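Heads up: the structure comes next, in structure tokens.
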Amino acid sequence: QVQLAESGGDLVQPGESLRLSCAASGSIFSIYLMAWYRQAPGKQRELVAHITSGDSTKYADSVKGRFTISRDNAKNMVYLQMNSLKPEDTAVYYCYMTIMVVTHTREVDNYWGQGTQVTVSS
């Protein structure tokens, strides 16, 4: 019933910036956690950053100081501003959200987006 849609992935050169966006749609009561994960070829999927409903944030050491996660609760959206991109940032980036669905029991479920490709290369 809930779907996530990412956008913003692109091919860029080292040092350039990108902003990823993810919008949630469906029967949403509230969103607790929003996060971005990424998976590079031959590697495990890893947490890049997350932001809670209280605006507490966490970043992977590899992106700290370069990436910024933010959310727009009114639009059910999460963003990832990526600056000073490096070739090591090349990966498929996935949006993730923990959402309380509009039901009689107010169930909490986890949702994933389809992923968006970010390639950093000269």
Side-chain angles (χ1 to χ4, degrees):
Q1 294 182 348
V2 174
Q3 294 183 327
L4 307 185
E6 303 110 324
S7 63
D10 204 353
L11 169 64
V12 298
Q13 296 187 86
E16 294 185 341
S17 300
L18 278 176
R19 189 174 83 146
L20 305 183
S21 300
C22 178
S25 60
S27 302
I28 300 169
F29 181 82
S30 64
I31 303 175
Y32 173 64
L33 182 76
M34 296 183 175
W36 289 95
Y37 286 76
R38 69 184 181 187
Q39 187 167 24
K43 299 185 67 177
Q44 289 277 90
R45 186 173 299 187
E46 64 173 347
L47 175 68
V48 177
H50 79 219
I51 182 167
T52 69
S53 58
D55 289 334
S56 177
T57 59
K58 180 180 180 180
Y59 297 91
D61 289 340
S62 59
V63 308
K64 195 171 299 182
R66 298 187 297 120
F67 291 9
T68 302
I69 188 170
S70 61
R71 61 192 287 166
D72 186 332
N73 295 323
K75 297 180 179 180
N76 291 330
M77 295 188 69
V78 62
Y79 306 93
L80 185 68
Q81 179 65 46
M82 305 184 293
N83 297 327
S84 301
L85 283 162
K86 305 175 180 180
E88 306 93 273
D89 296 318
T90 296
V92 176
Y93 285 70
Y94 296 91
C95 178
Y96 169 92
M97 296 188 188
T98 299
I99 299 173
M100 181 175 288
V101 181
V102 178
T103 65
H104 290 160
T105 57
R106 295 184 177 181
E107 294 183 349
V108 177
D109 292 308
N110 301 320
Y111 297 89
W112 291 92
Q114 292 292 106
T116 185
Q117 178 70 50
V118 173
T119 302
V120 185
S121 177
S122 59

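Keep in mind that this is a model prediction, so the values were computed, not measured.
- Expressed to the nearest 0.5 Å, how far CG of Leu20 lies from OG1 of Thr116 amounts to 6.0 Å.
- Taking OG of Ser121 as the reference point, atom CG of Leu85 lies at 12.0 Å (rounded to 0.5 Å).
- Atom CE of residue Met34 and atom CG of residue Asp72 lie 8.5 Å apart, to the nearest 0.5 angstrom.
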When the side chains of residues 91-103 are checked against the rest of the protein, which donor-acceptor pairs come out under 3.5 Å, sequence neighbours left out?
from, atom 1, to, atom 2, distance (Å)
Tyr93, OH, Arg38, NH1, 2.9
Tyr93, OH, Asp89, O, 2.7
Tyr96, OH, Thr98, OG1, 3.4
Tyr96, OH, Asn110, OD1, 2.9
Tyr96, OH, Asn110, ND2, 3.3
Thr98, OG1, Asn110, OD1, 3.0
Thr103, OG1, Thr105, N, 3.4
Thr103, OG1, Thr105, OG1, 3.4
Thr103, OG1, Arg106, N, 2.9
Thr103, OG1, Glu107, N, 3.4

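- When the shell of 6.0 Å around CD of Gln1 is examined, it contains 12 or fewer heavy atoms from other residues, nucleotides or ligands.
- Here CD of Gln114 is found 9.5 Å from CG of Leu4. Values are rounded to the nearest 0.5 Å.
- Within a 6.0 Å sphere centred on CD of Gln3, other residues, nucleotides and ligands contribute 12 heavy atoms or fewer.
- In this structure, the separation between NE2 on His50 and OG on Ser56 is 5.5 Å, given to the nearest 0.5 Å.
- Between the side chain of Arg71 and the main chain of Thr52, a donor-acceptor pair closer than 3.5 Å is present.
- To the nearest 0.5 angstrom, Ser21 atom OG is 4.5 Å from Met77 atom CE.
- Of the residues Ile51, Val48, Asp55, the one that meets the side chain to side chain contact (heavy atoms under 4.5 Å, CB included) test with Ile69 is Ile51.
- Each of Leu80 and Tyr32 belongs to its own hydrophobic cluster when Ile, Leu, Val, Met, Phe, Trp and Tyr are linked at side-chain heavy-atom distances under 4.5 angstrom.
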* **Evaluation steps, side-chain contact (heavy atoms from CB on, under 4.5 Å), between Glu6 and Trp36** => CA-CA 10 Å; Glu6 303 110 324; Trp36 289 95; 4.0 Å; yes

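- A continuous path of Ile, Leu, Val, Met, Phe, Trp and Tyr side chains, each step under 4.5 Å between heavy atoms, connects Val12 with Phe67, placing both in one hydrophobic cluster.
- Two different hydrophobic clusters hold Leu18 and Tyr79 under the rule that ILVMFWY side chains link at heavy-atom gaps under 4.5 Å.
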